[in-house]
Amino acid sequence: MVHAIRIHQTGGPEVLTWEAFEPGKPGPGEARVRHEAVGLNFIDVYYRTGLYPAPNGLPFIPGNEGAGVVTEVGDGVSHVAPGDRVAYVGPLGSYAQERLVPADRLVKLPETIACDVAASMMLKGMTARYLLRRTFKVGPGSTILFHAAAGGVGLIAGQWAAHLGATVIGTVGSDEKAELAKANGYTHVINYRTENFVERVKEITGGKGCDVVYDSVGRDTFPGSLDCLKFMGLFASFGQSSGPITDFNIGMLAQKGSLFATRQTLFNHIAARSDLEETAGELFDVVEQGVVSIQINQRYKLSDAATAHRDLEERRTTGTSVMLPE
Ligand SMILES: NC(=O)c1ccc[n+]([C@@H]2O[C@H](COP(=O)([O-])OP(=O)(O)OC[C@H]3O[C@@H](n4cnc5c(N)ncnc54)[C@H](OP(=O)(O)O)[C@@H]3O)[C@@H](O)[C@H]2O)c1
């Protein structure tokens, strides 16, 4: 018997309870993984509060990201074997000391990437990759706006976009976070709690606007984000840390410059095994080359996931966080 965090009813961080758990033997196509580290992501908050319903209902074990060692595999699994160091973004259930994972979601870790780094970066780093390389192909000459620049996805995206040659504008919620963002690829950083970010983006871009705005904040930055775009620019929504956008009117896109808008999710971008391998491979490359440095700025015991959630929701974290199953 191992332990896991279970949610019996959705609500605040107090609903995260540490309980005994038996993962069982892997079935066909599955692997059992002993976690060395578990990722903390804002999507975990959406599931905990019920904004995103858990696909199999209550109770459920939250979490979509982890890294560790394969201990057993089921029939038909050939690309990983017991003893392999692996990481994944996968179905709910990573807030556990051990779990079963569909083996086609597992990627083997290069020797140079430690499990805690992997658990903290797979979901956020692969998100940065698809946003910058697929949703919009960022390159020299691109001007982009990335909200929540000092957060988990934000610090990775800033470094990566700068490496691709873009002018990178970021928003943050404090002056300390602004310093951090500036040290991680952002050319211009705006504190959107004290400054009007739309006016500042217009100043910075000489009135032209950005090619693309990456918006994971949602309610509080909408519709301002649309006003930061150039003619026919792209509004790429990918989250709602301040709450969902509920008043989206497609006509606004015409009024504000024949804009494009999309709502993106990593899970579509890595659904095919070939896409997962390509996306993870590119992330491993930029980390191994030192283009992107992964900053684990918070570590928690997995049993204390409630504190991790409080810190994340109350905007006290920067960079990535991991939880350790002791
Ligand atoms: N669609 C996808 O594929 C995908 C994948 C990964 C992540 N995401 C989204 O990307 C965002 C970032 O995820 P993350 O895990 O890296 O988290 P994070 O950025 O480390 O944390 C969220 C940040 O959002 C900012 N924020 C602004 N208003 C907020 C509010 N009212 N409450 C809480 N935070 C607020 C805070 O930074 P400031 O204090 O600087 O404002 C906070 O630190 C989340 O919205 C997440 O859902 C989407």
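Counting convention: from 1, in listed order, for ligands and their atoms alike. Just so it is clear, the model here is predicted, and its values are computed rather than measured. Residues: numbered from 1 along the sequence shown.
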- Message: Does ligand 1 come near enough to R193 that some N or O of the ligand is less than 3.5 Å from an N or O of the residue?
- Response: no
- Query: Considering only heavy atoms, does H269 approach ligand 1 within less than 4.0 Å through its side chain, its backbone, both, or neither?
  - Reply: neither
- Close side-chain approach of L276 and Y88, heavy atoms under 4.5 Å: no
- At a 4.0 Å threshold, what atoms of ligand 1 neighbour a non-hydrogen atom of T265? 1 (N), 2 (C), 3 (O)
- Taking distance alone, with no angle check, do G173 and ligand 1 share an N/O pair under 3.5 Å? yes
- Task: May I ask you to identify, for H147, whether its side chain, its backbone, both or neither come under 4.0 Å of ligand 1 on a heavy-atom basis?
- Result: neither
- Message: Pairing donors with acceptors under 3.5 angstrom, does anything connect the side chains of E203 and H188?
- Response: no
- Item | Option set S242, A148, S321, A128, criterion heavy-atom distance to atom 23 (C) of ligand 1, minimum | A148
- Query: Are the charged groups of E282 and R134 less than 4.0 angstrom apart, N to O?
  - Reply: no
- Message: I'd like to check whether Y130 has a polar contact with ligand 1, where a contact means an N/O of the residue lying under 3.5 Å from an N/O of the ligand.
- Response: yes
- Note on the structure: Within 4.0 Å of some non-hydrogen atom of G152, the atoms of ligand 1 are 16 (O), 18 (P), 19 (O), 20 (O)
- Message: Starting from atom 8 (N) of ligand 1, what is the nearest protein heavy atom, named by residue and atom, and what distance separates them?
- Response: F238 O, 3.6 Å
- Item | Pairing of K124 and E65 as salt bridge, 4.0 angstrom limit | yes
- Message: Could you check whether D220 and Y192, counting side-chain N and O atoms only, form a donor-acceptor pair closer than 3.5 Å?
- Response: no
- Query: For atom 41 (O) of ligand 1, which protein heavy atom lies nearest, and how many Å away is it?
  - Reply: Y192 OH, 2.4 Å
- Aromatic plane relationship, F222 with F235 - under 30° parallel, 30 to 60° tilted, over 60° perpendicular: tilted
- Query: Can we say E22 and R32 salt-bridge, meaning some charged N sits less than 4.0 Å from an Asp/Glu carboxylate O?
  - Reply: yes
- Starting from atom 24 (O) of ligand 1, which protein heavy atom do you reach first, and at what distance in Å? S241 OG, 3.3 Å
- Flag the pair R133 / L164 as yes when at least one side-chain heavy-atom distance between them is below 4.5 Å, and no otherwise. yes
- Query: Can you say whether the rings of Y186 and F146 are parallel (under 30°), tilted (30 to 60°) or perpendicular (over 60°)?
  - Reply: perpendicular
- Task: Tell me, please, which residues at least two apart from L51 pass side-chain contact (heavy atoms from CB on, under 4.5 Å).
- Result: Y46, T49, Q240, P244
- Query: Should you measure from each heavy atom of Q240, which atoms of ligand 1 turn up under 4.0 Å away?
  - Reply: 45 (O)
- Query: Could an N or O of ligand 1 be found under 3.5 Å from any N or O of F42, whether backbone or side chain?
  - Reply: yes
- Query: Any idea which part of Y46 is under 4.0 Å from ligand 1, heavy-atom wise: side chain, backbone, both or neither?
  - Reply: side chain
- Considering heavy atoms of the protein only, find what lies nearest to atom 33 (C) of ligand 1 and give residue, atom and distance to 0.1 Å. E313 O, 3.4 Å
- Note on the structure: At under 4.0 Å between heavy atoms, what of T318 touches ligand 1? The answer is neither
- Message: Residue-level breakdown please: for R263 versus ligand 1, do any non-hydrogen atoms fall below 4.0 Å on the side chain, on the backbone, on both, or on neither?
- Response: side chain
- Item | L266: numbered ligand 1 atoms lying under 4.0 Å from its heavy atoms | 2 (C), 3 (O)
- Message: Please list, in number order, the atoms of ligand 1 under 4.0 Å from a heavy atom of N41.
- Response: 15 (O)
- Heavy atom of the protein closest to atom 37 (O) of ligand 1 (residue, atom name, distance): K177 NZ, 3.5 Å
- From atom 6 (C) of ligand 1, work out which of T320, T135, V45, L123 has a heavy atom at the shortest distance. L123
- Message: Give me the residue, atom name and distance of the protein heavy atom closest to atom 34 (N) of ligand 1.
- Response: R315 CG, 3.4 Å
- Message: Using a 3.5 Å distance criterion without hydrogens, assess whether the side chain of D211 forms a donor-acceptor pair with backbone atoms of T143.
- Response: yes
- Any donor-acceptor N or O pair under 3.5 Å, side chains Q298, D311: no
- Query: Counting heavy atoms only, which part of T127 comes closer than 4.0 Å to ligand 1: side chain, backbone, both or neither?
  - Reply: side chain
- Message: Suppose we measure from atom 16 (O) of ligand 1 to each protein heavy atom; which comes out shortest, and what is that distance?
- Response: V153 N, 2.9 Å
- Using salt bridge (charged side-chain N to carboxylate O under 4.0 Å, His left out) as the criterion, list what pairs up with D227, not counting sequence neighbours. K256
- Message: Geometry only, no angles: is G239 polar-contacting ligand 1 at N/O separations under 3.5 Å?
- Response: no
- Query: Of the non-hydrogen atoms in S225 and D215, which two are nearest, and what is the gap between them?
  - Reply: OG-OD2, 2.7 Å
- Item | Beyond-backbone contact of L40 with H309, side-chain heavy atoms, under 4.5 angstrom | yes
- Task: Please report which non-hydrogen protein atom sits nearest to atom 19 (O) of ligand 1, along with the residue it belongs to and the distance in Å to one decimal place.
- Result: G151 CA, 3.4 Å
